[in-house]
Amino acid sequence: MNDELFRLTINDARAALRKREISAVELTRACLERISATEPKLNAFLTVAESEALTQAQAADQRLAGTQPAPALCGIPLGIKDIFCVRGMRTTCASRILENFVPPFDATVIVRLREAGAVFLGKLNMDEFAMGSSTENSAFGPTRNPYDLARVPGGSSGGSAAAVAADECLASLGTDTGGSIRQPAALCGIVGVKPTYSRVSRYGIVAFASSLDQVGPLTKTVRDGAIMMHALAGVDPRDSTCSARPVPDYESALNGELRNLRVGVPKEFFVEGMQPAVDDAVRATLKHLEAAGATAREISLPHSQYAVATYYLIATAEASANLARYDGIRYGFRAEAEDLNELYHRTRALGFGPEVKRRIMLGTFALSSGYYDAYYLKAQRVRTLIRKDFEAAFNTCDVIVTPTSPTTAFRLGEKTQDPLQMYLSDIFTISVNLAGLPALSMPCGYDSDGLPIGLQIIGPAFGEETILRAADALERSGSIARRRPSAV
Ligand code: GLN
């Protein structure tokens, strides 16, 4: 076994742990040491839970030594986006307003991961309340891209992506409301899966836009994504939006087969202004898919051009309602004040950062009387048209392939002065959330600066097996030579 245990995938670590070639404590220590060595450069972690992680690892080693078969993720060290409530572990959502919030309960996905035997290394940086595409909106400083420290890791799950890319953890949890798993996965050269809306419970996750939010894994390989999905998905009596559909064994769907796969390529997603290297890498991958027996044909998603505008009305409207609970009374930060109104006012003025305030104002405006019909209701109607475009497309294809992001990782500060430019970095991911579909991002090449390029594979509702199978087959074909991050 190599001495760089932190580089292992879940799949390899699982095998080594079961054969007792390595222990969960050794693996956890290797990740904790890696975290100490790389964090001064990256700032991917907001909290490192060293002693809790080692306690969990010891328990995992006991289970591995027992006579019962060990659970699926026994002894696997994970990082958790700081939006998930973990009992007794500070959960800030990268906001001052939750700076000292320690949840008294676990999110359902955290309970599931505990039952699967996982080890939690700590909580990962993000854009405040998951609003952003670069992790620069964190109240605790930005995370940096492990391929180039002058660049962003994407967002909002930027800490989750950077930590996996830099081998600080074997995999991590993220959330995706408009692209927040897929876009950072693309910019950091890893795999990110956004499941179908309702596939994974959201109980115990700080809500941003409830009709869009989904939980998913960020992993080093597609197979690891399938392993994580199996642990995460499934019905939850505590989340009424969560589907009761049985959870397939995603790993057994990975049969390496690409023959007869019908790939739709939406012409609207190959736009002007896209970085040429991104266009080239995606087209080269399409050629490769065809060489392996898939058929690619052009399709149209005519309403996708309205996706960004539609999303920024619906997501902000829902956020303005969800964030009303941060009033300084029940939990989190409370400002000094003379009376109740001043308490609300000062708590929110001091507790929220500028992007969160911008979204609350936009959303409140879109919902206000006189504007509701013109903005919010209209956005809901366009959302239906976007969903119908996808439904029609999936009559003639099995998956849809697009770039994940129009560019590779941009420089820190490059888009912070221009929110619209920042919003446009999600142009290829947002329509998938509006339609509630599953999609993943996987690496498909590198630009001339050595920065990773992401390929997005979109499936029909509950088509996780299909997109994972296609992505795994592509990954296994070896057509994309993976490069390690050079800056860590
Ligand atoms: N970047 C998008 C936004 O700022 C998406 C964020 C997300 O998926 N959480 O809203």
Side-chain angles (χ1 to χ4, degrees), residues 81-84 93-95 124-138 142-143 152-161 172-188 192-195 197 200 202 205-218 307-323 352-363 366 379 383 404-407 409-410 414-416 418-441 454 456 458:
K81 185 178 184 178
D82 209 15
I83 198 168
F84 293 87
C93 227
S95 181
L124 294 160
N125 203 3
M126 54 184 281
D127 285 297
E128 183 178 4
F129 285 102
M131 296 174 186
S133 310
S134 67
T135 316
E136 290 167 293
N137 295 335
S138 168
T143 297
V152 303
S156 65
S157 313
S160 299
S172 64
L173 277 194
T175 56
D176 191 314
T177 304
S180 278
I181 289 173
R182 290 160 287 155
Q183 185 257 16
L187 271 45
C188 290
V193 185
K194 181 249 175 237
Y197 184 78
V200 180
R202 286 116 28 105
I205 299 160
V206 179
F208 165 10
S210 305
S211 78
L212 299 159
D213 298 342
Q214 250 312 282
V215 176
L218 293 99
V308 174
T310 304
Y311 170 86
Y312 277 96
L313 286 166
I314 293 174
T316 57
E318 293 183 13
S320 77
N322 274 327
L323 272 60
F352 289 134
E355 181 62 25
V356 174
K357 287 179 187 160
R358 176 161 35 238
R359 306 261 181 133
I360 292 171
M361 286 191 282
L362 258 170
R383 180 179 188 170
T404 306
S405 163
T407 67
F410 44 92
E414 197 177 316
K415 297 184 199 254
T416 39
D418 187 349
L420 255 181
Q421 277 308 311
M422 190 70 90
Y423 297 170
L424 282 172
S425 51
D426 303 316
I427 190 161
F428 299 146
T429 47
I430 272 175
S431 51
V432 169
N433 299 74
L434 290 168
L437 302 175
L440 61 78
S441 179
Q456 178 171 237
I458 308 168

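Read the numbers this way: they start at 1 and go in the same order the structure lists the ligands and their atoms.
Considering only heavy atoms from C-beta on, Phe84 comes within 4.5 Å of Thr175 through its side chain. Within the 4.5 Å cutoff, the side chain of Lys81 has heavy atoms near those of the Ser180 side chain. At a threshold of 4.5 Å between non-hydrogen side-chain atoms, the residues Asp213 and Glu318 do not count as touching.
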Evaluate side-chain hydrogen bond (donor to acceptor under 3.5 Å, both in side chains) for Asn125 paired with Thr135, printing each intermediate quantity in order. CA-CA 7 Å; Asn125 203 3; Thr135 316; over 6 Å; no
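Ligand 1 lies out of reach of Ala315, whose nearest heavy atom is not under 4.0 Å from it. Within the 4.0 Å heavy-atom cutoff, Tyr312 counts among the residues contacting ligand 1. Within the structure, ligand 1 lacks Met422 among the residues with a heavy atom less than 4.0 angstrom away.
By the criterion of a heavy-atom distance under 4.0 Å, both the backbone and the side chain of Ala130 are placed next to ligand 1. Here Asp426 has side-chain heavy atoms under 4.0 Å from ligand 1, and that is the only part of it that gets that close. At a heavy-atom cutoff of 4.0 Å, ligand 1 is contacted by the side chain of Arg359 but not by its backbone.
Here the shortest heavy-atom pairing between Leu437 and Lys194 reads O-NZ, 2.7 Å.
Atom 6 (C) of ligand 1 has its closest protein heavy atom at Ser180 OG, 2.8 Å. The protein atom (non-hydrogen) at minimum distance from atom 5 (C) of ligand 1 is Tyr311 OH, 3.3 Å.
Considering both main-chain and side-chain atoms, Asp176 never comes within under 3.5 Å of ligand 1 through any nitrogen or oxygen pair. At a 3.5 angstrom cut-off on N or O pairs, Phe208 does not count as close to ligand 1.
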